[in-house]
**Q** 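Starting off with a structure, shown below.
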Amino acid sequence: MRVDSAAGELRSLQGWLRADPEVRRSAAVELGGGVPGPGEMGTGLDVLGLVTGNGWSVASFVLALVAWRESRPQRPRVEVRRGDVTVVLTDCSEEEIERAVRVLDAADADEGVGR
């Protein structure tokens with residue numbers, strides 16, 4: 001996941017997802033990239049990664065993302081990538097949420113085919 005916003009938003013999202021019982025039960029949430037050292041520009045590659053397990057629910061995850069986004073003063077654009085599929089949440093309308101769940105569910109099913 002990537003968040004287009006001020007620094008610290010990914011950490012906020014990480015904490016939010018870790019606090020959500022549905023997400024916590026079926027996924028590990030880890031921050032990737034890093035904070036640049038003094039005099040460094042940084043990589044611009046800070047991402048939040050999820051490792052999912054049994055009981056993973058795309059719908060619960062998307063609803064947790066939407067709830068976090070709506071709690072932010074400036075609602076950031078959130079990009080979720082699963083395999084070759086990318087979903088972007090910008091306005092979190094019902095249609096956008098339904099599309100995100102449908103597309104990510106399909107990507108989840110496609111990834112599970114070879115397991």
Side-chain angles (χ1 to χ4, degrees):
M1 283 175 286
R2 293 182 60 120
V3 176
D4 292 346
S5 189
E9 292 290 7
L10 274 177
R11 289 194 190 286
S12 170
L13 178 55
Q14 178 187 30
W16 186 279
L17 292 174
R18 283 182 170 173
D20 185 287
E22 291 293 321
V23 175
R24 187 177 60 236
R25 185 176 19 251
S26 60
V29 184
E30 300 299 327
L31 190 61
V35 177
E40 296 178 345
M41 292 180 64
T43 63
L45 296 177
D46 289 340
V47 294
L48 198 59
L50 262 65
V51 178
T52 60
N54 292 336
W56 168 246
S57 168
V58 170
S60 293
F61 167 69
V62 170
L63 292 176
L65 275 179
V66 169
W68 170 80
R69 188 179 172 279
E70 290 177 351
S71 76
R72 311 312 298 159
Q74 294 181 348
R75 297 181 174 144
R77 174 184 177 272
V78 178
E79 180 180 305
V80 179
R81 184 174 302 147
R82 174 129 193 160
D84 294 335
V85 174
T86 301
V87 172
V88 178
L89 298 172
T90 55
D91 65 6
C92 293
S93 65
E94 279 189 46
E95 295 81 17
E96 188 177 66
I97 293 167
E98 288 172 7
R99 184 184 64 79
V101 170
R102 189 174 55 252
V103 169
L104 291 171
D105 252 344
D108 192 38
D110 289 345
E111 279 193 5
V113 169
R115 290 190 224 172

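Computed from heavy atoms alone, side chains included, the values below leave out hydrogens, waters and symmetry copies.
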**Q** What are the two closest heavy atoms between S57 and S26, and how far apart are they?
**A**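 Scanning both residues completely, I find the closest heavy atoms to be N-OG, 4.4 Å.
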**Q** Can you name the one residue among L50, V51, L13, D20 that meets side chain to side chain contact (heavy atoms under 4.5 Å, CB included) with V29?
**A**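 Filter result, single survivor: L50.
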**Q** Write down the atom of P76, the atom of W68, and the distance for their closest heavy-atom approach.
**A**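 The answer is CG-CH2, 3.6 Å.
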**Q** Does any non-hydrogen side-chain atom of F61 lie less than 4.5 Å from one of V80?
**A**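 Sidechains of F61 and V80: in contact.
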**Q** Under 4.0 Å between a Lys/Arg side-chain N and an Asp/Glu carboxylate O for R75 and E9?
**A**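 Here R75 does not pair with E9 in a salt bridge, since their nearest N and O are not under 4.0 Å apart.
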**Q** Do you know the tightest heavy-atom contact between S12 and R72?
**A**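 Closest heavy-atom pair between S12 and R72: OG-NH1, 3.2 Å.
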**Q** Treating Ile, Leu, Val, Met, Phe, Trp and Tyr as nodes and any side-chain heavy-atom pair under 4.5 angstrom as an edge, say whether V88 and L63 lie in one connected cluster.
**A**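 Cluster IDs for V88 and L63 differ.
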**Q** Measure the spacing between CG of L17 and OG of S60 and express it to the nearest 0.5 Å.
**A**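 So the gap between those two atoms works out to 11.5 Å.
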**Q** Using every non-hydrogen atom in the two residues, find where S71 and W16 come nearest and quote the distance to one decimal.
**A**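 Of all heavy-atom pairs spanning S71 and W16, the closest is OG-CZ3, 3.8 Å.
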**Q** Can you tell me how far CD of Q14 sits from CD of E30, rounded to the nearest 0.5 angstrom?
**A**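 If we round to the nearest 0.5 Å, E30:CD and Q14:CD are 6.5 Å apart.
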**Q** What's the shortest heavy-atom distance between V87 and R99, and which atoms?
**A**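 Nearest heavy atoms, V87 then R99: CG1-NH2, 4.3 Å.
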**Q** Of all the heavy-atom pairs spanning E70 and C92, show the shortest one and how long it is.
**A**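 Nearest heavy atoms, E70 then C92: OE2-CB, 4.5 Å.
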**Q** Hey, what do you get for OG1 (T86) to CD (E79), rounding to the nearest 0.5 Å?
**A**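 Output value for this atom pair is 5.5 Å.
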